[in-house]
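Notes to accompany the following structure.
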Amino acid sequence: FKLQAGNSKLIVAGTSSIHDWEMEAVKFKGETLLRIDGNTISEIRKIEFKTPVSGLKSGKGIMDNKAHDALKKKKFPEIKFALNNSNNVNISGSKASLTGLLTIAGKTKEVKLTADLDVENQQKLLVNGSVPIKMSDFGIDPPTAMMGAMKTGDEVVVKFNLEFQKSDHELSGNF
């Protein structure tokens, strides 16, 4: 299954000393290899997802620049997530709990998440969920502005609403 970016959303939401904020990923790629029995997923073997840091947008140029700098965009231009082992997946009805490797700003950490799954006619897969992440776990100093008067919180929440379409092609391995 290949990710349909035009029908999908990935949002990073956080707080600051002044107001809450959100950034949306405007570019991303992903694919998954899974087994479907009827309209139920019985096995997830592979998940790969990546987005360029420059594709995270808030609609505010200064905020985007500060976030991209904090994420070390020049040295580490991509954020990546991959299932680290298909044995780390637990599927129960329309929910999946899994552990994967998330790489941000050049640092890779194990992340556990739960997602709601909805299979439509064995051709389309909808995946929804959210996962909290601490920037400091990835060596990222939460951005500040106005000479330190505005400070962002360390924890952000990544919210995802993804649509995958069945592909007749084998997974590329380097999509």
Side-chain angles (χ1 to χ4, degrees), residues 1-16 19-59 63-64 67 71 78-104 108-135 137-138 140 152-169 171-172 175:
F1 284 74
K2 289 209 177 261
L3 182 66
Q4 304 300 299
N7 297 334
S8 300
K9 277 196 181 245
L10 179 82
I11 294 174
V12 179
T15 61
S16 78
H19 58 78
D20 293 351
W21 55 269
E22 285 189 350
M23 297 186 84
E24 184 172 345
V26 295
K27 296 179 185 177
F28 44 89
K29 294 181 185 179
E31 53 189 32
T32 182
L33 180 61
L34 46 89
R35 180 183 314 272
I36 298 176
D37 295 322
N39 276 340
T40 304
I41 296 172
S42 59
E43 179 183 12
I44 299 175
R45 289 190 211 158
K46 181 178 181 178
I47 299 171
E48 289 184 352
F49 178 89
K50 62 182 166 183
T51 184
V53 170
S54 62
L56 290 173
K57 304 285 183 182
S58 68
M63 181 177 169
D64 293 351
L71 293 168
E78 291 184 323
I79 296 170
K80 300 175 188 176
F81 176 84
L83 182 66
N84 63 343
N85 184 332
S86 61
N87 294 330
N88 290 337
V89 176
N90 182 14
I91 302 168
S92 177
S94 64
K95 287 214 180 282
S97 298
L98 57 95
T99 303
L101 298 175
L102 179 61
T103 304
I104 302 174
T108 302
K109 300 285 284 184
E110 194 171 80
V111 174
K112 295 179 182 190
L113 63 95
T114 301
D116 293 319
L117 309 172
D118 183 17
V119 178
E120 295 181 3
N121 300 324
Q122 297 186 351
Q123 300 296 312
K124 186 186 333 183
L125 170 64
L126 303 174
V127 181
N128 300 294
S130 64
V131 60
I133 297 171
K134 286 190 175 181
M135 288 188 262
D137 288 346
F138 293 90
I140 298 167
T152 58
D154 187 23
E155 185 171 286
V156 298
V157 176
V158 179
K159 304 173 194 175
F160 51 92
N161 184 339
L162 308 173
E163 178 182 311
F164 292 83
Q165 289 286 334
K166 188 171 185 178
S167 173
D168 291 331
H169 303 288
L171 294 182
S172 62
F175 69 103

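Keep in mind the model is a prediction, meaning the values are calculated, not measured.
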Legend entry - Partners passing ring-ring contact (aromatic ring centres under 6.0 Å, His included) against Phe138 (at least two apart in sequence or in another chain): none
Legend entry - Partner residues of Lys109 under the salt bridge (Lys or Arg N to Asp or Glu O under 4.0 Å) criterion, sequence neighbours left out: none
Legend entry - Separation between CG of Leu10 and CG of Leu3, rounded to the nearest 0.5 Å: 9.5 Å
Legend entry - Selection residues 156-166 - residue pairs positive for salt bridge (Lys or Arg N to Asp or Glu O under 4.0 Å), sequence neighbours left out: Glu22-Lys159
Legend entry - Closest contact, heavy atoms only, Val156 versus Met135: CG1-CE, 3.9 Å
Legend entry - Asp64 (side chain) donor-acceptor with Ser58 (main chain) under 3.5 angstrom: yes
Inset, instruction - Drop me the distance from Leu125's CG to Glu120's CD, to the nearest 0.5 angstrom. - result: 9.5 Å
Inset, instruction - Please name all residues satisfying side-chain contact (heavy atoms from CB on, under 4.5 Å) with Lys134, sequence neighbours left out, ordered by chain then number. - result: Ser136, Asp137, Asp154, Glu155
Inset, instruction - With rounding to the nearest 0.5 Å, note down the distance linking CZ in Phe164 to CD in Gln4. - result: 9.5 Å
Legend entry - Closest heavy-atom pair and its distance - Ser130, Phe160: N-CE2, 3.6 Å
Legend entry - Rounded distance (nearest 0.5 Å) linking atom CD of Glu48 with atom CZ of Phe81: 11.0 Å
Inset, instruction - Please name the pair of heavy atoms, one in Ala115 and one in Val127, separated by the smallest distance, quoted to 0.1 Å. - result: CB-CG1, 3.7 Å
Legend entry - Test: Glu24 and Lys57 ion pair at under 4.0 Å: no
Legend entry - Gap separating the OG atom of Ser94 from the CG atom of Asn128, nearest 0.5 angstrom: 10.5 Å
Legend entry - All pairs passing ring pair (Phe, Tyr, Trp, His ring centres under 6.0 Å) where residues 114-135 contributes a residue, at least two apart: none
Legend entry - salt bridge (Lys or Arg N to Asp or Glu O under 4.0 Å) pairs, two or more places apart, involving residues 90-104: Lys95-Asp116
Inset, instruction - Say whether, by atom type as modelled, one donor and one acceptor occur between the side chain of Thr51 and the main chain of Lys27 under 3.5 angstrom. - result: yes
Legend entry - Heavy-atom donor-acceptor pair, Glu43 side chain to Ile41 backbone, under 3.5 Å: no
Inset, instruction - To the nearest 0.5 Å, tell me how far Asp118 CG sits from Thr40 OG1. - result: 10.0 Å
